[in-house]
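All remarks here apply to the structure that follows.
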Amino acid sequence: MNKNLKKVIAPVAAAAMVFAVPTGVYAEDGAQEKITFCLDWTPNTNHTGLYVAQAKGYYEEAGLDVEIVQPPENGAALMCAAGQAQFAIEAQDTMAASLALDEPLGITAVAGIIQHNTSGILSRKGDGIDKPAGLTGKTYSTWDSPIELAMLENVVNGDGGDFSQVTLIPNDITDEPAALAANQTDAIWVFQGWGGINADVEGVDCDYFAFSDINPVFDYYTPVIIANNDYLAENPDQAKAFMEATAKGYEFAAENPDESAQILIDGDNTGSLKDAEDLVKKSQEFLSTKYIDDAESWGVIDADRWNAFYKWLYENQLCDKDLTGVGFSNDYLPQ
């Protein structure tokens, strides 16, 4: 097995054994009434459709009692695979480790929250990092993920730069624009709809390039909604009802960004969005155009794009298993 992948999946395998519990909470008649949905982070505009569906009563109309919870230390995917949540949020890139295990985690991506990858590299305006080659000789804050670094190397070297000349430092940054303004780093991987928008809110002039603009293979799905496989097998109709209500939430958010942003702020029980109304509303205005984008409808996962990214992982020895065709389904989306 690839040593880099081992670093990622060893703790996943160990935690999966710890979390092994029965799937879900069932009513006496066998129908699952309560749905637990695990986020991947504190509430943000990736999650707006869920909060809209809850606030607008879409879940209640579907006969579902949906509780939205924060992820445990070991992550949302493990909680979902263990049956402690029927649904959760993940990303295609980080799912690879879970799917490549000798005994893969029992999760399936059932919707792409955003139709295209909106992540890329944020840097100070005028530092020359408006394109990948500009990272040569600069400092980059990294999570030290094998996939992250391989993608960065691909775009830097492909643009005529030299990735070996990029200085890597640990990424412990919580406010990307502020860190750039303070010269704590030269470049950071962000999601444009949050970190990029926050630069505008904070008045920090930045450059940005998107991975999907540089290499189409990197237009993978992030984030996605995943579901527990046993739950899907045992409760397909209920899963479809949940996804139909969720789709209505994201469709409403796509058409009504300002109202939806306020619903998200009002629904946040973590306090993380306190005093961040400007950021949330500007982020929502941006992301509302990205939920569906050029797809026929919200949530649809394009098999060709999904497979192209996993094929790239396999061909670049970032994954010992060819995961082409693995890990996703459009069967639970509204037809």
Side-chain angles (χ1 to χ4, degrees), residues 8-40 47 49-50 53-54 58-59 62-113 221 223-247 299-301 303 306 310 319 321-335:
V8 178
I9 67 176
V12 173
M17 291 186 287
V18 172
F19 275 103
V21 295
T23 307
V25 179
Y26 290 84
E28 290 182 0
D29 62 359
Q32 193 170 28
E33 297 176 335
K34 180 176 179 179
I35 296 290
T36 299
F37 192 105
C38 184
L39 301 180
D40 57 333
H47 311 144
L50 300 163
Q54 193 173 58
Y58 301 154
Y59 290 135
L64 303 173
D65 176 16
V66 176
E67 180 184 12
I68 301 172
V69 302
Q70 288 292 291
E73 184 176 346
N74 287 316
L78 287 167
M79 185 172 178
C80 184
Q84 295 181 330
Q86 288 72 48
F87 296 90
I89 292 183
E90 246 285 8
Q92 186 184 353
D93 53 343
T94 51
M95 277 183 70
S98 302
L99 299 175
L101 293 165
D102 291 336
E103 295 184 12
L105 292 190
I107 55 175
T108 296
V110 291
I113 291 179
Y221 284 88
V224 296
I225 292 177
I226 60 172
N228 176 283
N229 286 353
D230 289 340
Y231 168 76
L232 292 176
E234 296 164 8
N235 304 274
D237 291 339
Q238 189 179 89
K240 290 176 182 178
F242 173 83
M243 291 308 301
E244 182 174 1
T246 300
V300 174
I301 294 174
W306 181 280
Y310 276 171
C319 184
K321 288 186 179 179
D322 184 352
L323 298 175
T324 303
V326 174
F328 76 98
S329 173
N330 290 315
D331 293 347
Y332 301 92
L333 292 170
Q335 302 301 313

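No hydrogens, no waters, no symmetry mates; every other heavy atom, side chains included, goes into these values. Residues: numbered from 1 along the sequence shown.
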Mind running side-chain contact (heavy atoms from CB on, under 4.5 Å) on Tyr58 and Val66 for me, showing each step along the way? CA-CA 10 Å; Tyr58 301 154; Val66 176; over 6 Å; no

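- Across all non-hydrogen atoms, the minimal contact from Leu64 to Ala241 is CD1-C, 4.3 Å.
- The shortest heavy-atom contact between Ala76 and Asp40 is CB-CA, 4.5 Å.
- Here the CE-CG distance, from Met243 to Asn330, works out to 9.5 Å after rounding to the nearest 0.5 Å.
- Contact detail for Phe87 and Ile225: the closest heavy-atom pair is CD2-CG2, 4.1 Å.
- Closest approach of Leu323 and Ala96 over heavy atoms only: CD1-O, 3.8 Å.
- The two residues Ala239 and Leu232 have their closest heavy-atom pair at CB-CD2, 3.7 Å.
- Taking CD1 of Ile226 as the start and CD of Gln86 as the end, the distance is 12.0 Å to the nearest 0.5 Å.
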Would you check, one step at a time, whether the test side-chain contact (heavy atoms from CB on, under 4.5 Å) holds for Tyr310 with Leu99? CA-CA 11 Å; Tyr310 276 171; Leu99 299 175; 3.8 Å; yes

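- Taking SG of Cys38 as the start and CG of Asn228 as the end, the distance is 12.5 Å to the nearest 0.5 Å.
- Looking at heavy atoms from C-beta onward, Met95 lies out of side-chain contact with Phe328 at the 4.5 angstrom threshold.
- Leu50 is listed as a side-chain neighbour of Ile89, based on a closest heavy-atom distance under 4.5 Å.
- Note on ring orientation: taking the six-membered ring where Trp is involved, the planes of Tyr59 and Phe242 are parallel (angle under 30°, cut-offs 30° and 60°).
- For Glu244, the CD atom counts as loosely surrounded, since its 6.0 Å shell holds 12 or fewer non-hydrogen atoms of other residues, nucleotides or ligands.
- Residues forming a side chain to side chain donor-acceptor pair (under 3.5 Å) with Glu90 (at least two apart in sequence, or on another chain): Thr94.
- At a threshold of 4.5 Å between non-hydrogen side-chain atoms, the residues Tyr221 and Ile301 count as touching.
- In this structure, the side chain to side chain donor-acceptor pair (under 3.5 Å) partners of Thr108, at least two apart in sequence or on a different chain, are Asn229.
- The side chain to side chain contact (heavy atoms under 4.5 Å, CB included) test with Thr36 is passed by exactly one of Val69, Ile68, Asp65: Val69.
- The nearest pair of heavy atoms linking Cys80 to Ala227 is SG-C, 3.6 Å.
- The distance from atom CD of Gln54 to atom CD of Glu67, rounded to the nearest 0.5 Å, is 9.0 Å.
- Formation of a donor-acceptor pair under 3.5 Å by the Gln335 side chain with backbone atoms of Leu333 is found in this model.
- By the ring pair (Phe, Tyr, Trp, His ring centres under 6.0 Å) test, Tyr332 pairs with no residue at all, sequence neighbours left out.
- No donor-acceptor pair closer than 3.5 Å links the side chain of Gln92 to the backbone N or O of Val224.
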